[in-house]
Amino acid sequence: MKKNIVIILFGILLVIFFFSIKVSTNIYVGDYSYSPMVIDVQLKIDDKLVLDDSLHSSPFFPIILDEKLRYGVHKISVSSKKAGVNQESKVFLFLNQYIYVGFLGADTLYLEKKALVNRNDSVAVFQSLFIEKTSGRHQSEFVIESRFNSFYTE
């Protein structure tokens, strides 16, 4: 009976130790909207500011960050004033995973800048007419998820 209690306590201590160590985790942040605009982005992980920079549209060259994170659930907050997005999500981080944050811009994001350059006073009316005639994305958003790294064999 004492042997079973020792094994259970050892297992519990092993699980606690496993979820308390910090490991190096890659975070990929990219703009996949094919928009000519540069947007600002603020990325927070567990209320700690990790990135405060601007994103250029490029599907091949994301910003790669390396952070020490524990295994388990993390709260990720992403915001952009220019795109009008304030988004929060929770991800579960486990062995051999990375965090992916991708920006998907709306069709109306570039439209507002274009209308202001043309000195159009009725930007809201212009946008609503544009939204009715197009079938694309009408609100910008971020995709926030954890993904598995590739497994390599030698």
Side-chain angles (χ1 to χ4, degrees), residues 5-117 123-124 126-128 130-131 134-153:
I5 293 173
V6 171
I7 291 174
I8 291 172
L9 286 176
F10 181 72
I12 290 172
L13 288 175
L14 188 63
V15 169
I16 290 172
F17 176 74
F18 179 74
F19 283 103
S20 66
I21 59 172
K22 288 187 175 185
V23 294
S24 181
T25 305
N26 288 332
I27 303 166
Y28 295 92
V29 182
D31 180 1
Y32 303 100
S33 63
Y34 297 105
S35 171
M37 285 189 66
V38 176
I39 65 160
D40 61 318
V41 64
Q42 294 82 32
L43 175 68
K44 293 181 181 179
I45 298 179
D46 297 329
D47 297 326
K48 176 187 169 195
L49 185 65
V50 176
L51 176 69
D52 189 7
D53 202 358
S54 57
L55 288 178
H56 301 276
S57 177
S58 174
F60 303 111
F61 302 108
I63 297 173
I64 302 171
L65 305 170
D66 189 28
E67 286 291 318
K68 295 267 187 193
L69 298 174
R70 291 182 172 94
Y71 293 130
V73 179
H74 295 279
K75 181 178 80 169
I76 299 178
S77 303
V78 184
S79 62
S80 172
K81 292 178 185 175
K82 193 175 243 182
V85 177
N86 192 7
Q87 199 170 337
E88 192 172 287
S89 181
K90 290 188 178 184
V91 296
F92 183 76
L93 191 62
F94 202 60
L95 289 171
N96 200 30
Q97 284 190 326
Y98 64 92
I99 297 175
Y100 168 79
V101 179
F103 177 71
L104 302 174
D107 296 333
T108 57
L109 184 64
Y110 180 66
L111 178 67
E112 184 175 336
K113 182 178 179 185
K114 186 176 179 182
L116 289 174
V117 168
V123 174
F126 192 57
Q127 279 184 339
S128 65
F130 182 74
I131 288 172
T134 60
S135 62
R137 183 182 310 279
H138 302 304
Q139 186 175 359
S140 300
E141 66 180 342
F142 284 92
V143 175
I144 304 168
E145 56 192 17
S146 60
R147 297 179 175 177
F148 281 98
N149 288 325
S150 302
F151 289 99
Y152 297 105
T153 57

Looking at Ser89 and Ile76, would you say the former's side chain and the latter's main chain have a donor-acceptor pair under 3.5 Å? no

Non-hydrogen side-chain atoms of Phe19 and Val15 separated by less than 4.5 Å: yes

Do any pairs count as a ring pair (Phe, Tyr, Trp, His ring centres under 6.0 Å) and have a residue in residues 49-87, sequence neighbours left out, and if so which ones? Phe18-Tyr71

Using a 3.5 Å distance criterion without hydrogens, assess whether the side chain of Arg147 forms a donor-acceptor pair with backbone atoms of Tyr98. no

In the structure I gave you, are the side-chain heavy atoms of Pro62 and Tyr32 within less than 4.5 Å of one another anywhere? yes

Quick check on side-chain contact (heavy atoms from CB on, under 4.5 Å): which of Leu43, Ile27, Val41, Asp53 does Ile63 satisfy it with? Asp53

Heavy-atom pair of closest approach, residues Ser77 and Glu88: OG-OE1, 3.4 Å

How long is the span from the CG atom in Leu55 to the CZ atom in Phe103, to the nearest 0.5 Å? 8.0 Å

Supply the atom-to-atom distance Lys68 NZ to Ile21 CD1, rounded to the nearest 0.5 angstrom. 10.0 Å

Donor + acceptor pair across side chains of Asp40, Ser80 (<3.5 Å): yes

Residue pair Ser146 / Gln97: nearest heavy atoms and the distance that separates them: OG-OE1, 3.9 Å

Check: Asn26 and Asp66 side chains under 4.5 Å, non-hydrogen atoms: yes

Of the non-hydrogen atoms in Ser140 and Val85, which two are nearest, and what is the gap between them? O-CG2, 3.4 Å

Using the test salt bridge (Lys or Arg N to Asp or Glu O under 4.0 Å), find all partners of Lys75 that sit at least two apart in sequence or belong to another chain. Asp47

Let me confirm one number: the CD-CG distance from Glu141 to Leu104, rounded to the nearest 0.5 Å. 5.5 Å

Before you tell me yes or no, could you show the steps for Ile99 and Val101 under side chain to side chain contact (heavy atoms under 4.5 Å, CB included), namely the whole-Å CA-CA distance, both residues' side-chain angles and the distance that decides it to 0.1 Å? CA-CA 7 Å; Ile99 297 175; Val101 179; 4.3 Å; yes

Working to the nearest 0.5 angstrom, can you tell me the gap between Leu93 CG and Thr25 OG1? 4.5 Å

If you count every heavy atom of other residues, nucleotides or ligands that lies below 6.0 Å from Phe10 atom CZ, does the total exceed 12? no

Can you find a heavy atom in the side chain of Tyr100 that is under 4.5 Å from one in the side chain of Phe142? no

